[in-house]
Amino acid sequence: MLKIASMELIKNYIETNKQRFLDELFEFLRFQSVSADSKYNEDIINTANFVAKQLRAAGADKVEICETAGNPIVYGEKIIDTGKPTVLVYGHYDVQPAEPIELWISEPFEPTIRDGKIYARGACDDKGQVYMHVKAFELMMQTGTLPCNIKFMIEGEEEVGSSNLSIFVKANKERLKADVVLISDTSMISMEDPSLETGLRGLSYLEVEVTGPNRDLHSGVYGGAIGNPATILAKMIASLHDEDNKITIPGFYDKVIDLSTEERKALNSAPYNEQAYKVDLGVDELWGESGYSTLERTGTRPTLEVNGIWGGYIGEGAKTVLPSKAFAKISMRLVPNQTSEEITKIFTEHFENIAPKSVKVKVMPHHGGEPVVTPTDSIAFKAAEKAIEESFGKKPIPTRGGGSIPIVALFEAELGIKTVLMGFGLDSDALHSPNEKYDLFNFYKGIETIPLFHKYFAELS
Ligand code: BES
Ligand code: MN
Ligand code: MN
């Protein structure tokens, strides 16, 4: 007999199992599942095994480690009644590299609690948030309150573009059939101002190589007579923004849909304290495309960023050298209706066009992803709103997230399923940075909120 998950039942279960949940999460966080670096391949496999084991222990059926050309995908499901709605939970067990290690206060792969927060690589992005779903599922199984069917797909290549997951999704349409995709891999404004992201930006990521002379040269003997690729690259990059900080690539904004005045007003009414934002980041002044607020610049406008730039001598001391090559890694965040393919193409053409004849340039695309906007009038979104309202005591504010989860657009395109982004992280959780953290409060709050989502989703369906 199906029971209904009351707040009291949920809280009791969490209270009784609190420490074990945390111990298990710590075990999860100790795996060095860095997808960007092949030296961690064994850790990746061990992490996938751990996720599969925990899903099985929580009560999932048909748990399978699905091999791909890259890192495995962990799948599991619990079908209670084919007449009931199905939620597909997606997350990722891979993490970003921990470097620079010396900036971590405690070891990145030895989770440590300080001030009520778990410090570890992946604590928030996304192991901590994936684990909330595993434990919420256990809770529903153990208390007999699972109100709908549930499928889990936890991948190991999100941080490197999910290209093998795309292949998997296309090949497993029947198995992945669901009414909604539920993802906890985004942020809230704060625990006092709970929010739900209603969009993700797309991404076009590429690397450029600028080559000058055929070898490194003495910077005194040849300097002044030969184009220095580092100087030229810096100039080319600087020219990609104009005085209004608009991107100068011809056609870059052509497809961008302008938001209506009402939409802009609604987004700008979210709590935002400019002074606190500046203090938090240690900057005296903000920067960005003129005519837009910070919330718009990070949520609804496309951007171009240099993620890394190097060339020549970067070791200790001085070496007088005019480098033969200089490099940069450049990303562009995209908004509806830009496509990564087109943006990559126009960037490449423009970059080749602006190169002076004294150098040769090469543009190498890495990965891409398409932007998405998620519906706010769906049953699933309403279920998320109700769940958060009940657990936080406050209605969530809809916001636009600046980050990207490339697979979300593909779920829509290939499976025809919309997503709810019910993330419990904070922008200040230092995702991808040293000292990544996740608040214990957020972790348990997530476990509390997720069963409520399933309950309301089943009820409203
Ligand atoms: N979880 C993040 C994305 C995110 C973070 C969305 C915060 C919204 C708020 C995800 O793991 C991520 O980092 N994605 C990458 C893209 C990927 C292709 C490397 C990103 O956004 O840079
Ligand atoms: Mn993530
Ligand atoms: Mn990430």
Side-chain angles (χ1 to χ4, degrees), residues 1-7 9-31 33 45-66 72-81 84-94 111 118 122-123 126-156 175-176 178 180-185 387 391 422 424 438 440 442-455 457-458:
M1 194 30 210
L2 177 69
K3 279 198 293 176
I4 305 290
S6 68
M7 196 56 155
L9 175 148
I10 294 172
K11 283 200 158 146
N12 276 338
Y13 191 87
I14 296 174
E15 197 50 47
T16 317
N17 295 284
K18 240 180 158 167
Q19 188 58 45
R20 178 175 54 84
F21 287 179
L22 194 61
D23 293 343
E24 290 171 10
L25 172 61
F26 272 32
E27 200 183 323
F28 192 13
L29 291 169
R30 284 191 189 104
F31 295 105
S33 51
I45 305 299
N46 294 337
T47 319
N49 284 327
F50 173 85
V51 174
K53 187 180 95 184
Q54 296 311 113
L55 276 176
R56 230 175 258 127
D61 298 327
K62 298 193 181 161
V63 175
E64 189 186 327
I65 295 180
C66 310
I73 295 155
V74 185
Y75 179 83
E77 63 180 40
K78 186 76 201 175
I79 309 298
I80 55 162
D81 177 348
K84 294 215 151 117
T86 303
V87 177
L88 174 60
V89 175
Y90 161 83
H92 61 96
Y93 66 78
D94 65 319
I118 310 160
D126 183 30
K127 287 173 168 173
Q129 298 203 66
V130 161
Y131 214 64
M132 297 177 326
H133 284 273
V134 180
K135 292 299 100 175
F137 172 58
E138 176 198 303
L139 181 157
M140 293 185 284
M141 290 299 289
Q142 288 297 320
T143 57
T145 59
L146 180 66
C148 55
N149 304 311
I150 189 164
K151 296 178 176 178
F152 287 92
M153 182 169 63
I154 313 298
E155 71 148 320
R175 166 148 60 160
L176 298 174
V180 67
V181 179
L182 178 63
I183 304 179
S184 295
D185 194 23
S391 63
M422 194 169 74
F424 295 88
Y438 196 40
L440 288 167
N442 301 36
F443 177 62
Y444 292 117
K445 210 59 178 168
I447 302 174
E448 183 183 309
T449 309
I450 292 163
L452 297 171
F453 169 85
H454 291 280
K455 173 171 99 169
F457 184 60

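Since we're looking at a predicted model, the values are computed, not measured. Values reported hereafter were calculated over all heavy atoms of this structure, with side chains retained and with hydrogens, waters and symmetry mates removed.
A donor-acceptor pair under 3.5 Å is formed between the side chain of D126 and the backbone N or O of H92. A donor-acceptor pair under 3.5 Å is formed between the side chain of S184 and the backbone N or O of M422.
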Between V130 and F152, does the side chain to side chain contact (heavy atoms under 4.5 Å, CB included) criterion hold? Intermediate values first, please.
CA-CA 10 Å; V130 161; F152 287 92; over 6 Å; no

Kindly indicate, with the supporting measurements, whether the criterion side chain to side chain contact (heavy atoms under 4.5 Å, CB included) is fulfilled by Q129 and N442.
CA-CA 9 Å; Q129 298 203 66; N442 301 36; over 6 Å; no

Given the rule in the side chain to side chain contact (heavy atoms under 4.5 Å, CB included) test, do D23 and F26 qualify, once you have shown the distances and angles that lead to the verdict?
CA-CA 5 Å; D23 293 343; F26 272 32; 5.7 Å; no

Which is it for I118 and L22 under the side chain to side chain contact (heavy atoms under 4.5 Å, CB included) test, yes or no, and what are the steps along the way?
CA-CA 10 Å; I118 310 160; L22 194 61; 3.9 Å; yes

Intermediate values then yes/no, ring pair (Phe, Tyr, Trp, His ring centres under 6.0 Å), F21 and F443:
CA-CA 10 Å; F21 287 179; F443 177 62; 7.2 Å; no

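With contacts defined as side-chain heavy-atom distances shorter than 4.5 Å, the pair I14/L139 qualifies. Counting only heavy atoms from C-beta outward, the side chains of S391 and L452 approach each other to under 4.5 Å. Between E138 and K135 the shortest side-chain heavy-atom distance falls below 4.5 Å. You'll find the side chain of I79 reaches within 4.5 Å of the side chain of K151, heavy atoms only. At a threshold of 4.5 Å between non-hydrogen side-chain atoms, the residues F137 and L146 count as touching. A heavy-atom distance below 4.5 Å is found between the side chains of I45 and P72. Y131 places none of its side-chain heavy atoms less than 4.5 Å from the side chain of K127. Looking only at side-chain heavy atoms (C-beta outward), N149 and E77 stay at 4.5 Å or farther from each other.
The distance from the CE atom of M132 to the CD1 atom of I450 is 4.0 Å, given to the nearest 0.5 Å. Once rounded to the nearest 0.5 Å, the distance linking NZ of K455 with OG of S6 reads 7.0 Å. I150 CD1 to K84 NZ: the interatomic distance, rounded to the nearest 0.5 Å, is 14.0 Å. The CG atom of L55 lies 12.5 Å from the NZ atom of K78; values are rounded to the nearest 0.5 Å. I80 contributes atom CD1, which lies 6.0 Å from atom CG of L2 (distance to the nearest 0.5 angstrom). Going from atom OG1 of T47 over to atom CD1 of I154 covers 13.0 Å, rounded to the nearest 0.5 Å.
For R30 against P111, the heavy-atom pair with the smallest separation is CG-CD, 3.8 Å. Of all non-hydrogen atoms in A178 and L88, the two that sit nearest each other are CB-CB, 3.7 Å. Summarising the geometry of G128 relative to L25, their closest heavy-atom pair is CA-CD1, 3.8 Å, with the distance given to 0.1 Å. Taking all atoms of both residues into account, the shortest heavy-atom contact from P85 to F457 is CB-CE2, 3.8 Å. The two residues C148 and A458 have their closest heavy-atom pair at CB-CB, 4.3 Å.
When the options N17, T16, I10 are evaluated for a side-chain contact (heavy atoms from CB on, under 4.5 Å) with Y13, the one that passes is N17.
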